[in-house]
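Data block below; observations after.
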Amino acid sequence: MAKSASEPVWKRWHDERYPVRLGISACLLGAEVRFDGGHKRDRYLTDVLGENVTWVPVCPELEIGLGIPRPVIQLRGGERGDQLVMREDGRDLTASMRAYADARVAELDGLGLDGFVLKKDSPSCGMQRVRVHGAPGGMPQRSGVGHFAQALGRGMATLPLEEEGRLNDPPLRERFIEAIFSRNRWRVLAARGLSRASLVAFHEAHKMLLLAHDQGIYRKLGRIVGSFGRIADEEIHASYAALFAEAFARPATVARHVNVLEHLFGHLKTCVTPIEKREIASAIGEYRAGRVPLVVPVSLLRFLVAAHDVEYVQGQLYLEPHPRELMLRNHV
Ligand code: SF4
């Protein structure tokens with residue numbers, strides 16, 4: 001990894017050959033593939049996130065051969081909606097969707113994805129709370145999972161998944177974007193070939209980011225790193241990747257962020273001036289009290305770390321885990 005202190009931390013780990021690659025329900029990009037020939041273009045995805053990722057659009061209903069326009073399909077039976085059927089004539093599409101979806105997910109896995117953005121409420125793509133219909137005239141239950149989303153869960157269990165609706169929620173958006181950029185860095189590391197030195201550097205650079213999500217997982221990952229050379233590389237790879245993904249599926253809390261901020265602050269205490277010390281302590285306190293967003297103490301710390309050239313802290317991805325243009329960490 002070529003290092004340059006002036007470069008954003010996330011960029012030092014980025015490799016143009018392995019862009020952040022996300023699967024997406026094609027209608028969210030504006031493709032006119034819905035049952036009625038319409039689309040559900042989502043401006044945040046196309047205009048903001050789209051500037052920083054490469055999309056792999058998928059429309060399961062079109063790809064199993066249902067045309068445009070096509071009859072409405074829906075979930076029926078069981079809590080999650082075991083059957084996928086045509087609403088009007090009850091034609092059962094469950095088996096054909098399952099065969100297609102499992103094969104498509106295996107193909108996507110081979111491409112190397114960092115996450116998937118799914119269209120909410122769809123009996124094919126919806127990730128949760130999709131309507132499951134029962135007896136005619138009865139009220140549908142909001143408990144279903146779209147059949148393509150189910151296949152993603154079966155075939156790529158650690159892949160970060162989100163729906164476009166949930167991405168309007170700032171903490172969920174932040175967690176998803178942190179997860180996809182982190183997974184991408186892991187993919188880059190794995191593609192270049194793991195060595196003890198590269199794994200140690202990776203683990204160290206993610207330390208504060210991981211601590212903000214789950215301290216216990218950070219320690220377990222440390223033990224995996226420590227066993228390098230004593231157990232098979234494949235085992236190291238699989239166990240580190242699975243636990244690493246699990247950490248980013250856990251929400252980062254205000255209390256854990258405060259711990260991390262204070263920890264980082266601790267590395268600066270001997271070199272900052274009294275005024276700087278007061279300002280950063282105040283920014284952390286204001287964040288803890290919910291009066292300023294996380295971006296305030298983090299930006300101040302980032303500035304001080306650069307100004308005082310604190311090398312260890314400069315390498316922490318926590319300070320800038322993804323491009324600033326995504327405007328994250330700015331909610332209270
Ligand atoms: S929700 Fe999924 S299946 Fe429906 S139009 Fe969009 S991409 Fe196609």
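One-based numbering along the sequence shown. All ligand and atom numbering here is 1-based and tracks the order in the structure.
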Could you check, using the six-membered ring where one of them is a Trp, whether [X] and [Y] have ring centers closer than 6.0 angstrom?
X	Y	answer
F244	F202	yes
F181	H14	no
F228	H203	no

Show the atoms of ligand 1 that are less than 4.0 angstrom away from any heavy atom in [X].
X	answer
S25	7 (S)
K119	1 (S)
A26	7 (S)
R70	5 (S)
P60	2 (Fe), 3 (S)
C59	3 (S), 5 (S), 7 (S), 8 (Fe)
S122	1 (S)

**Message:** Quiz question: by atom type and distance under 3.5 Å, do the side chains of R41 and T46 form a donor-acceptor pair?
**Reply:**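 Yes, a side-chain donor-acceptor pair sits under 3.5 Å.
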
**Prompt:** Just checking, is any N or O donor in the side chain of T158 or R183 under 3.5 Å from an acceptor N or O on the other one?
**Reply:**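 Checked: T158/R183 side chains pair up, N/O donor to acceptor below 3.5 Å.
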
Six-ring centre of Y218, K220 cation under 6.0 angstrom, axis tolerance 45°: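 Cation-pi check for K220 and Y218: fails.
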
Answer yes or no on whether R302 is positioned over the face of Y318, meaning its NZ or CZ is under 6.0 Å from the six-membered ring centre and within 45° of the axis.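 No cation-pi geometry.
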
Which residue and atom name correspond to the protein heavy atom nearest atom 6 (Fe) of ligand 1, and how close is it?
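Checking every protein heavy atom, the shortest distance to atom 6 (Fe) of ligand 1 gives C27 SG, 2.3 Å.
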
Atom 2 (Fe) of ligand 1 - nearest protein heavy atom and its distance: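 I find the closest protein heavy atom is C125 SG, 2.4 Å.
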
Next on the checklist: Restricting to non-hydrogen atoms, name the atom on L211 and the atom on R256 that form the minimum distance, rounded to 0.1 Å.
Outcome noted: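 Minimum heavy-atom contact is O-CD, 3.6 Å.
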
(Q) Tell me whether V33 reaches ligand 1 (any heavy atom closer than 4.0 angstrom to a ligand atom). (A)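 V33 counts as a contact of ligand 1 under the 4.0 Å cut-off.
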
Specify side chain, backbone, both or neither for V58, according to which of its non-hydrogen atoms lie closer than 4.0 Å to ligand 1.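 Only the backbone of V58 comes within reach of ligand 1.
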
